[in-house]
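Data first, discussion second: the structure below is written as structure tokens.
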Protein chains: 2
Amino acid sequence: MEILTPAEENYLKTIFKLTESDGGKAASTNAIAAVLGTAAASVTDMLKRLSAKGLLHYEKHRGASLTERGNELATNLVRRHRLWETFLVMKLGFSWDAVHDIAEQLEHVQSSELVERLDAFLDRPKFDPHGDPIPDTKGRMASRKQVQLSALAVGEKAVVVGVQESQASFLQYLDRVQISLGAALQVLEQFDYDGSMRVAVQGKDEYTFSQKVCENLYVQKTK
Amino acid sequence: MEILTPAEENYLKTIFKLTESDGGKAASTNAIAAVLGTAAASVTDMLKRLSAKGLLHYEKHRGASLTERGNELATNLVRRHRLWETFLVMKLGFSWDAVHDIAEQLEHVQSSELVERLDAFLDRPKFDPHGDPIPDTKGRMASRKQVQLSALAVGEKAVVVGVQESQASFLQYLDRVQISLGAALQVLEQFDYDGSMRVAVQGKDEYTFSQKVCENLYVQKTK
DNA sequence: ATGTTTTTTTAGGCTTGGCTAAAAATATTT
DNA sequence: AAATATTTTTAGCCAAGCCTAAAAAAACAT
């Protein structure tokens, strides 16, 4: 496992995201520069260096795409980022939209044992607080895109697809309020004061769920 | 709050430790170089830069000592380091001697809100797993030097001076086994298998304490 | 007090990861 | 297909943080 600098890791991550969101096409110099907020010339420089290290394929004027090794490292970085975001929200009580910048720093801490223990501490979550899947040690991840119930706006409809923490007491509570995997929900009202929500379950019953419940429930939006 | 690079922070921390352990005398160039593992010439360089930033007093051939501002920043870094070490041991289950290198990285993450929330999450601990005091936001810290009971060797004697987590259930347990603040202990036997210890309490009763108990009990060594 | 040893500083270089300005290659228009 | 516009690369520069080798200052010994 070669060790990369934070800057190198950020390039890999950026190229990873760009190629992913653009169906596997090579990432262009300008696009990378735009994401990282650097000059295009700096990108060209770095692409040469990373290419020499075997982490990406690069040909002049032709953009960059990750090698298998580069992909592995980038996926692992995404894993670290999403685990830290989960930690910040679930354990430290940050709101899910305030954690990105801190996770950007934490993701560069080098220690595979730390990541492994953090994963275990969080009960091996499959999704981060934004609903993005967390890759496992081998880079595999769920493909489903889900969000916390608490992230929905009034009026939105969704289907329950999972829970973050699956303690018996929480599952019993869900049973009590008629919620099971696949249950259809619609947000009727939101109370900023304590983060609770009034929600229609299966189009008939209405319940008010506390913030804690809303954050533990994962849903997929529907129309 | 100016932002320092990790390298700058490390210099401040080193000078902080050196002047502290040497009764306030200025830290010498060579001593700093030895701690950081860098060349003396590099230290001279950096001392000039930090002096220009007003973080330390530096005169040629006369060593360096922190200004008030430098002291503040260094103390805050120590706070962050010790909080992260506490997190790694108490929450992630690292052994207390394996956390230093990881904390060295985590301490450089820039976010005062993160540190504040981490502190709260850990129940505002006063000492880290090595028994060193954790400075509070204003830089104040306990002066007592204490260690976890689990850090003692067979035969060593000590006096109970505090607990890490002070939930009612733990305090009740202590009551049950005759332990209160100031109780005299002597380690009679240690079981590597599960980290438990047989301990003499007040020179008369003997109890076997689980690893969890031994890690939650803070003691001061006696002869 | 003078010479020797140790410590510290200066001088000059190197790498990383940035920058700008100009040149070259590629894409797009007409 | 030629002209124009855009993208990318090259060339040259910079700061941070490190290095080595040599010079200078301070400390120690005789």
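Numbered from 1 within each chain, the chains take letters A, B, ... in sequence-line order. All values below come from the heavy atoms of this structure, side chains included, with hydrogens, waters and symmetry mates left out. Keep in mind the model is a prediction, meaning the values are calculated, not measured.
- When the nearest nucleotides of DNA chain C are assigned to A:Pro6 and A:His61 by heavy-atom distance, the more 5′-ward of the two goes with A:Pro6.
- Applying the salt bridge (Lys or Arg N to Asp or Glu O under 4.0 Å) test to every pair with at least one member in residues 6-18 of chain A, sequence neighbours left out, gives these pairs: A:Glu8-A:Lys53, A:Glu9-A:Arg80, A:Lys13-A:Glu104, A:Lys13-A:Glu107.
- In summary, B:Asp136 and B:Arg124 do not engage in a salt bridge, as defined by a charged side-chain N under 4.0 Å from a carboxylate O.
- Put simply, A:Lys60 has no side-chain N or O that comes within less than 4.0 Å of OP1 or OP2 on C:dA24.
- For the OP1/OP2 pair of C:dT6 and a distance below 4.0 Å, the side-chain nitrogens and oxygens of B:Asn30 include no atom meeting the criterion.
- By the 6.0 Å contact criterion, NZ on B:Lys157 is open, its count of non-hydrogen atoms from other residues, nucleotides or ligands being 12 or less.
- Ion pairing of B:Glu72 with B:Arg69 is present here, as a side-chain N (NZ or NE/NH1/NH2) and a carboxylate O approach within less than 4.0 Å.
- Set against C:dG17, C:dT10, C:dT8, the side chain of A:Thr5 has C:dG17 as its closest nucleotide.
- Side-chain N/O atoms of A:Arg49 include none lying less than 4.0 angstrom from OP1 or OP2 on C:dT16.
- B:Phe121 and A:Phe87 have perpendicular rings, their planes meeting at more than 60° on a 0 to 90° scale where under 30° would count as parallel.
- Looking at A:Asp128 and A:His81, their side chains never bring a donor and an acceptor atom within 3.5 Å of each other.
- If you walk DNA chain D from 5' to 3' and mark each nucleotide with an atom closer than 4.0 Å to a heavy atom of chain B, the marks span D:dA16 to D:dA26.
- Take B:Tyr11 and apply the ring pair (Phe, Tyr, Trp, His ring centres under 6.0 Å) test, not counting sequence neighbours, and it matches no residue.
- The environment of NZ in A:Lys126 is sparse: at most 12 heavy-atom neighbours from other residues, nucleotides or ligands sit within 6.0 Å.
- Side chain to side chain, A:Ser28 and A:Asn30 fail the donor-acceptor criterion of an N or O pair below 3.5 Å.
- Counting to the nearest Å, the P atom of C:dT15 and the CG atom of A:Leu50 are 17 Å from each other.
- Using the six-membered ring where Trp is involved, A:Phe127 and A:Tyr218 have ring planes that are tilted, between 30° and 60° apart.
- In the region residues 31-46 of chain B, proximity to DNA chain C at under 4.0 angstrom, judged on heavy atoms, holds for B:Ala40, B:Ala41, B:Thr44.
- A search for salt bridge (charged side-chain N to carboxylate O under 4.0 Å, His left out) contacts involving A:Asp132 returns A:Lys145, not counting sequence neighbours.
- Within residues 7-20 of chain B, the residues having any heavy atom under 4.0 Å from DNA chain D are, by residue number, B:Ala7, B:Tyr11.
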